[in-house]
Amino acid sequence: MKNLLLSMGLLISSFSAIGAPMPADADNFYQSQQLSVQKVSFNNQYRMKVAGNLYLPKDMGPKVRYPAIIVGHPMGAVKEQSANLYAQKMAEQGFVTLSLDLSFWGESAGEPRNAVAPDIYAEDFSAAVDFLGTRAFVDRERIGVIGVCGSGSFAISAAKIDPRLKAIATVSMYDMGAANRNALNHSLTLEQRKAIIAEAAEQRYVEFAGGETRYTSGAVHELNENSHPVEREFYAFYRTPRGEFTPQGSSPQLTTHPTLTSNVKFMNFYPFNDIETIAPRPMLFIAGENAHSREFSDEAYRLAGEPKELLLVPGAGHVDLYDRTGLIPFDRLTRFFRSNLK
């Protein structure tokens, strides 16, 4: 368990425990009655199928080209967890939206399943721009992105080399590189990091020889009196009816867990390097005031060029902004994209 926590970067010095009851405003599986939805798929640059849900306002006018927003799910999750909610809420405001499954997850292609490949994850966002920008009803000069949790760092990675993403918003962002190299609050030592890397390297021999695949990090499957507060927070979403979802072909035992041998690839992932080159395209960083992940939004905001904004949601934690519609600032997201996707 100690290595499990270290590899995901879930060590912090202090954090208030999260209770088990589902919040009254949690609405991860929201289904809008105001929209049309289409299941779509398209290839990324590596000819891998990327699957998504395309949400369209029902009152779309003919020959009108709309602004569009791509929405990425938390790391280890799928589009049915948080991304669909954000996509629908933004589509209700008049945007064409696309929630996608990152490669190796959900309905998207990629083997082995649950593999970590941050460069390919970033490519998936650019492939989503390819798809949207070739729809007759989308204005390709007005495409933005929302990245939730780990997808915030993947969206930033994509935006650094894809100027077609005109406005970038992140919510409860995890810098998946820093989280794995350093853990939260830089609590992972270099020696511990090297031990994780060595363990994964040795496991490559096992799997190359046909041995069983090992998985790491992700949400725990049970709690006890010693469970860490961050474990409790993720458990309350991923292991309860609040947000639990098992894609076809997977199993509840494997959901959220990346493969051990691929997870170390995050050690080489530096999404905030050169983040200032995204300017003058605008960036909005949204984080819970009490989120255990707040350090990543703070750091991205510090490094980013203008225009930029950091919005801290009072009283909110990390997972609160996955699905708690009473806390998620959809009004601020709407203003941000309406202003910057003119």
Side-chain angles (χ1 to χ4, degrees), residues 1-13 15 72-77 102-105 110 112-125 147-158 160 170-204 207 213-220 228-231 233-234 238 254-275 285 287 291-300 303 318-319:
M1 179 61 67
K2 181 178 180 181
N3 283 344
L4 180 70
L5 288 171
L6 290 173
S7 64
M8 188 57 187
L10 297 183
L11 291 181
I12 57 177
S13 57
F15 185 75
H73 57 74
M75 177 59 205
L102 296 177
S103 294
F104 307 99
W105 299 89
R113 304 307 294 164
N114 299 21
V116 168
D119 285 349
I120 296 178
Y121 296 164
E123 161 60 23
D124 292 339
F125 284 96
V148 182
C149 187
S151 276
S153 59
F154 310 142
I156 288 172
S157 182
K160 288 191 299 184
T170 69
V171 180
S172 287
M173 179 170 54
Y174 251 76
D175 174 348
M176 294 306 303
N180 280 273
R181 283 188 300 275
N182 306 319
L184 298 178
N185 293 335
H186 290 255
S187 55
L188 187 69
T189 68
L190 178 59
E191 290 72 22
Q192 290 169 325
R193 183 199 307 177
K194 288 181 176 179
I196 293 168
I197 293 171
E199 181 183 16
E202 286 300 313
Q203 178 64 18
R204 290 182 64 114
E207 294 176 19
T213 300
R214 286 182 60 193
Y215 298 85
T216 188
S217 61
V220 299
H228 193 277
V230 177
E231 290 180 310
E233 185 178 10
F234 284 119
Y238 287 112
L254 294 182
T255 57
T256 78
H257 299 298
T259 63
L260 173 65
T261 56
S262 70
N263 196 63
V264 292
K265 288 179 169 53
F266 277 137
M267 303 286 189
N268 280 340
F269 181 49
Y270 293 84
F272 296 170
N273 281 7
D274 298 324
I275 189 175
F285 306 100
H292 67 261
S293 58
R294 177 176 161 179
E295 63 180 283
F296 303 122
S297 294
D298 287 342
E299 179 70 356
L303 295 171
H318 177 84
V319 170

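In this chain, residues are counted from 1 in sequence order.
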Response to the item:
Sorted by chain and number, sequence neighbours left out, side-chain contact (heavy atoms from CB on, under 4.5 Å) with S103 holds for N44, M48, V50, I120, D124
Worksheet item: Rounded to the nearest 0.5 Å, what separation is found between the CZ atom of R181 and the OH atom of Y270?
Response: 4.0 Å
Discussion item. Measuring only between side-chain heavy atoms, which start at C-beta, is V220 closer than 4.5 Å to F234?
Written reply: no
Worksheet item: Which pair of heavy atoms, one from H73 and one from L102, lies closest together, and at what distance?
Response: NE2-N, 3.1 Å
Worksheet entry | ring-ring contact (aromatic ring centres under 6.0 Å, His included) against Y238, all qualifying residues, sequence neighbours excluded | none
Practice prompt. Measure the acute angle between the ring planes of F266 and F154, then classify it against the limits of 30° and 60° as parallel, tilted or perpendicular.
Written response: parallel
Practice prompt. Report yes if the side chains of N180 and R193 come closer than 4.5 Å at any heavy-atom pair, otherwise no.
Written response: no
Worksheet item: Under 3.5 Å, is there a donor-acceptor pair between the side chain of S172 and the main chain of H318?
Response: yes
Fill in: Donor-acceptor contact below 3.5 Å, side chain N114 vs main chain L254
yes
Worksheet item: Do you know which two heavy atoms are closest between I156 and M173, and how far apart they sit?
Response: CD1-SD, 3.5 Å
Response to the item:
Value for CG (N182) from CE (M267), rounded to nearest 0.5 Å, stands at 9.0 Å
Worksheet entry | Listed partners of E207 passing side-chain contact (heavy atoms from CB on, under 4.5 Å), at least two apart | Q203, T213, R214, T261
Worksheet item: For the side chain of K265 and the backbone of P118, is there at least one donor-acceptor N/O pair under 3.5 Å apart?
Response: no
Practice prompt. Report the residues that fulfil ring-ring contact (aromatic ring centres under 6.0 Å, His included) with F296, sequence neighbours left out, ordered by chain and then residue number.
Written response: Y174
Worksheet item: Closest heavy-atom contact between S187 and A183?
Response: OG-CB, 3.4 Å
Item to complete: Without swapping roles, check the side chain of S262 against the backbone of V116 for a donor-acceptor pair under 3.5 Å.
Response: yes
Practice prompt. Working to the nearest 0.5 Å, report the span between OG1 of T259 and CZ of R204.
Written response: 9.5 Å
Item to complete: Heavy atoms only: give me the nearest L184-H292 pair and the separation to one decimal.
Response: CD1-CD2, 3.5 Å
Worksheet item: Can you tell me if S157 uses its side chain to pair, donor with acceptor, with the backbone of A122 under 3.5 Å?
Response: no
Worksheet item: Sequence neighbours excluded, which residues qualify as side-chain hydrogen bond (donor to acceptor under 3.5 Å, both in side chains) partners of S297?
Response: none
Worksheet item: For V319 and E233, which heavy atoms make the closest approach, and how far apart are they?
Response: N-OE2, 2.9 Å
Fill in: Contact check, side chains of E299 and F285, non-hydrogen atoms, under 4.5 Å
no
Fill in: Trace of the side chain to side chain contact (heavy atoms under 4.5 Å, CB included) decision for S153 with Y121
CA-CA 10 Å; S153 59; Y121 296 164; over 6 Å; no
Fill in: Results of side-chain hydrogen bond (donor to acceptor under 3.5 Å, both in side chains) for R294 - residues two or more places apart only
D298
Item to complete: Looking only at non-hydrogen atoms, find the nearest pair between A117 and F104 and report the distance.
Response: CB-CE1, 3.7 Å
